[in-house]
There are 2 protein chains.
Amino acid sequence: MEKKLTIRDIAKLSGVSASTVSRVLDDSDRISAETKKSVLEVVNQYGYKPQAAARNLARQKTSAIGIIIPQNDMNIYSSSFFQEALHGVSNSLSQNGYDVLISSGNPTELDAIKRLISTSRIDGIILLRSVVNDASIQYLTESKFPFVLIGTCLENPDVYSVDNDNQRAAYDIAYHMYMTGKRKMAIIGGTKSSVFIQKRLEGYEKLLVEKGLPINQDYIKLENASEDYGYQSMLELLKSPSRPDSVLVMDDSICVGVMKAINESGVKIPEEIAVACFNESSFTKYSRPALTTISLNFYDLGYCAAKTLLSVLNNEPIQKGCRYVDHLLTIRESTVSN
Amino acid sequence: MEKKLTIRDIAKLSGVSASTVSRVLDDSDRISAETKKSVLEVVNQYGYKPQAAARNLARQKTSAIGIIIPQNDMNIYSSSFFQEALHGVSNSLSQNGYDVLISSGNPTELDAIKRLISTSRIDGIILLRSVVNDASIQYLTESKFPFVLIGTCLENPDVYSVDNDNQRAAYDIAYHMYMTGKRKMAIIGGTKSSVFIQKRLEGYEKLLVEKGLPINQDYIKLENASEDYGYQSMLELLKSPSRPDSVLVMDDSICVGVMKAINESGVKIPEEIAVACFNESSFTKYSRPALTTISLNFYDLGYCAAKTLLSVLNNEPIQKGCRYVDHLLTIRESTVSN
DNA sequence: CTGAAAGCGCTTACAG
DNA sequence: CTGAAAGCGCTTACAG
């Protein structure tokens with residue numbers, strides 16, 4: 001590694017002051033075209049780049065935002081969520097000269113957040129998840145630290161957030177089931193402590209109410225998000241005297257268990273029972289029959305959250321509350337016979 | 001957000017100089033116990049933490065390391081690899097006051113690396129993957145920038161790296177197949193351009209050679225890592241006049257396709273064909289029959305890579321080359337009938 | 001449009 | 001064991 005050039009070296013080499021070099025790099029308009037040109041030549045020739053730490057110290061900002069790695073044992077998200085959302089965040093932010101700082105939630109997410117903030121490492125935070133009465137959200141809101149949530153905050157509708165319209169998505173899929181003649185819909189997987197599960201439940205119930213169908217608590221299996229829970233719940237439903245004629249599953253991995261139960265029982269899809277689930281994966285595409293899915297674009301979620309956070313950090317006037325990112329309903333054999 | 005306290009504020013409050021506060025925080029031994037105690041009291045009372053940017057600038061290091069998000073379209077890794085490895089890296093590093101900076105490989109991994117280095121944002125890098133003749137590795141080696149590879153570098157055995165012993169793992173599983181009486185083993189999934197696939201192929205061939213078995217090129221299906229490729233390849237093998245009696249699959253997701261092909265054909269597992277694969281997942285555990293697997297601990301890989309990088313950054317004398325992290329062979333019904 | 005100077009908040013030889 | 005001073009490499013009022 002050769003010795004790093006400083007802004008003073010560049011100033012000397014181009015025959016101007018450091019202030020001028022700084023202004024050129026900042027693309028200030030108060031610089032003559034000629035000076036700008038000649039300085040940039042030197043800058044490019046030597047490949048000079050300002051040191052981030054010095055710049056950040058002088059500007060009194062970090063130009064970095066923080067993200068806490070979600071604990072996977074909660075099994076709440078599709079496996080690719082984190083990587084894709086992070087990708088979206090990173091792409092959006094790096095275009096604007098921001099860094100993304102990762103931390104594991106150690107011992108809790110809130111501790112990690114406090115650490116990042118107290119050592120002045122970040123200007124803002126993107127939360128990848130939330131629970132009901134989320135401690136991190138409360139802390140960030142009270143301390144007025146800039147953040148954007150991927151998800152929806154029930155307690156405070158003013159929180160900047162980006163989410164899929166989970167209520168709408170569940171409604172859409174239930175509506176589709178209804179249109180294919182199904183009247184006894186079950187819903188399986190995930191726990192009500194997750195906000196997005198609550199929202200989906202609302203969408204599901206909304207359709208039932210609109211169509212004058214009863215809400216049958218036995219059809220609502222929302223205690224756990226494991227594949228095995230999907231298997232066991234479906235088994236129960238299949239044995240029940242009033243077997244449902246359709247089922248909406250909260251995640252593709254849970255649906256693996258659901259499909260196994262149905263296949264073992266010999267019940268026909270979609271004639272006797274229609275199946276649809278959230279989150280596209282190789283399983284949903286290659287399953288026999290192929291599965292009708294709602295796919296969520298995690299990359300977009302991350303990208304949009306980062307854009308929103310940038311607006312907040314730049315004090316741009318933006319609307320409070322939640323922004324929605326589109327979902328996609330893909331209809332396949334598991335709900336429509338051909 | 002209240003006004004941040006600086007080291008001078010703390011100095012004033014505790015009646016010492018800023019230098020002394022700095023030394024106390026650094027736990028220098030050249031400080032009297034009393035001074036240390038009284039300063040720490042003030043520090044804790046006010047919750048003072050040094051600002052990272054100022055400290056980094058003064059120390060002339062960034063206390064951050066970089067990681068580039070792998071492009072998932074290569075489908076090279078198990079889906080949880082990135083998140084788990086990152087978790088390991090982050091835990092190991094944050095214990096030592098380091099930050100983890102994430103960047104997407106935009107437009108290429110090498111570009112992202114150069115950007116991070118040229119703006120002096122990081123002290124070192126952890127590479128999450130490599131290909132044969134990896135451009136990033138070449139660049140980092142030539143510029144003598146500290147880095148650790150998760151994986152194995154074929155071209156330069158001196159590169160610091162952390163990996164599973166893929167050769168040994170494949171050998172182990174082939175040995176297990178051999179001991180259960182299998183003599184015609186196939187190997188499916190992944191591409192030879194991946195170093196770890198090459199290593200596994202070596203282990204597989206090593207066992208065959210040791211046991212005096214022929215190496216049949218028709219049994220080696222290493223062109224692609226998709227589930228569908230697994231399905232198609234297995235279909236071919238099943239139709240072949242000399243059908244293999246065992247198959248080793250490079251990933252659990254590829255194995256979904258392999259299992260589908262076998263199940264459709266009605267061939268019996270493990271009596272007629274034994275199946276084993278890399279990477280544990282809900283699929284391998286709940287599949288019927290349950291699958292024998294080699295599981296790799298991605299968290300450990302990340303944790304160990306970070307530890308190694310820290311040693312490099314601290315100029316500790318460490319051995320060049322690759323460190324291995326244990327793998328685990330879990331034997332289930334797909335290779336041993338009960 | 002440009003420069004000299006002060007400052008961002010730390011650390012660390014140097015001197016005592 | 002402790003402090004005053006210089007310095008890390010930038011930015012940005014201020015003055016011209």
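Every chain is numbered from 1 and lettered A, B, ... according to where its sequence line falls, protein lines coming before strand lines.
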| task | Run the salt-bridge test on Asp26(A) and Arg59(A) with the 4.0 Å N-O cut-off and return the result as yes or no. | result | yes
| query | Mind checking the P distance from dC14(C) to dC10(C)? Whole angstroms is fine. | reply | 24 Å
| request: For dA6(D) versus dT2(D), give the span between their P atoms, rounded off to a whole number of Å. | output: 23 Å
| When all nucleic acid strands are considered with a 4.0 Å heavy-atom cut-off, which category describes Thr35(B): base, sugar-phosphate, or nothing? | sugar-phosphate
| request: Can you check whether any acceptor in the base of dG3(D) is under 3.5 Å from a donor in the side chain of Arg23(B), or vice versa? | output: yes
| message | What I want to check is whether an N or O donor and acceptor connect the side chain of Ser19(B) with the base of dT12(C) at under 3.5 Å. | response | yes
Could you check how far [atom1] of [X] sits from [atom2] of [N], rounded to whole Å?
X	N	atom1	atom2	value
Lys12(B)	dG9(C)	NZ	P	12 Å
Ile7(A)	dA4(C)	CD1	P	14 Å
Leu25(B)	dG9(C)	CG	P	16 Å

Under 4.0 Å between a side-chain N or O of [X] and OP1 or OP2 of [N]?
X	N	value
Thr6(B)	dG9(C)	no
Tyr48(B)	dG9(C)	no
Thr20(A)	dG3(C)	yes
Gln60(A)	dT12(D)	no
Ser22(A)	dT11(D)	yes

| 5'-most contact on DNA chain D: Ala54(B) or Gly15(B), nearest heavy atom basis? | Gly15(B)
| Which base, if any, makes a Watson-Crick or G-U wobble pair with dA4(C), both distances under 3.5 Å? | none
| task | Once you apply the 3.5 Å cut-off to both distances, tell me the Watson-Crick or G-U wobble partner of dA13(C), or none. | result | none
| remark: Nearest-nucleotide check on DNA chain C, Arg59(B) vs Leu57(A); residue mapping nearer the 5' end is Leu57(A)
| message | I want to check something: taking the side chain as every heavy atom from C-beta on, are Pro70(B) and Gln83(A) in contact at a cut-off of under 4.5 Å? | response | yes
From the list [options], which nucleotide is the closest neighbour of the side chain of [X]?
X	options	answer
Arg55(A)	dG9(C), dC10(C), dC10(D)	dC10(D)
Ser17(A)	dG3(C), dG9(D), dG9(C)	dG3(C)
Gln51(A)	dC10(C), dC10(D), dT11(D)	dC10(D)

| Of all heavy-atom pairs between Ser14(A) and Val21(A), which one has the smallest distance, and what is that distance? | OG-CG2, 4.5 Å
| remark: From the list Ile125(B), Asp111(B), Leu116(B), Ile102(B), side-chain contact (heavy atoms from CB on, under 4.5 Å) partner of Ile68(B) resolves to Leu116(B)
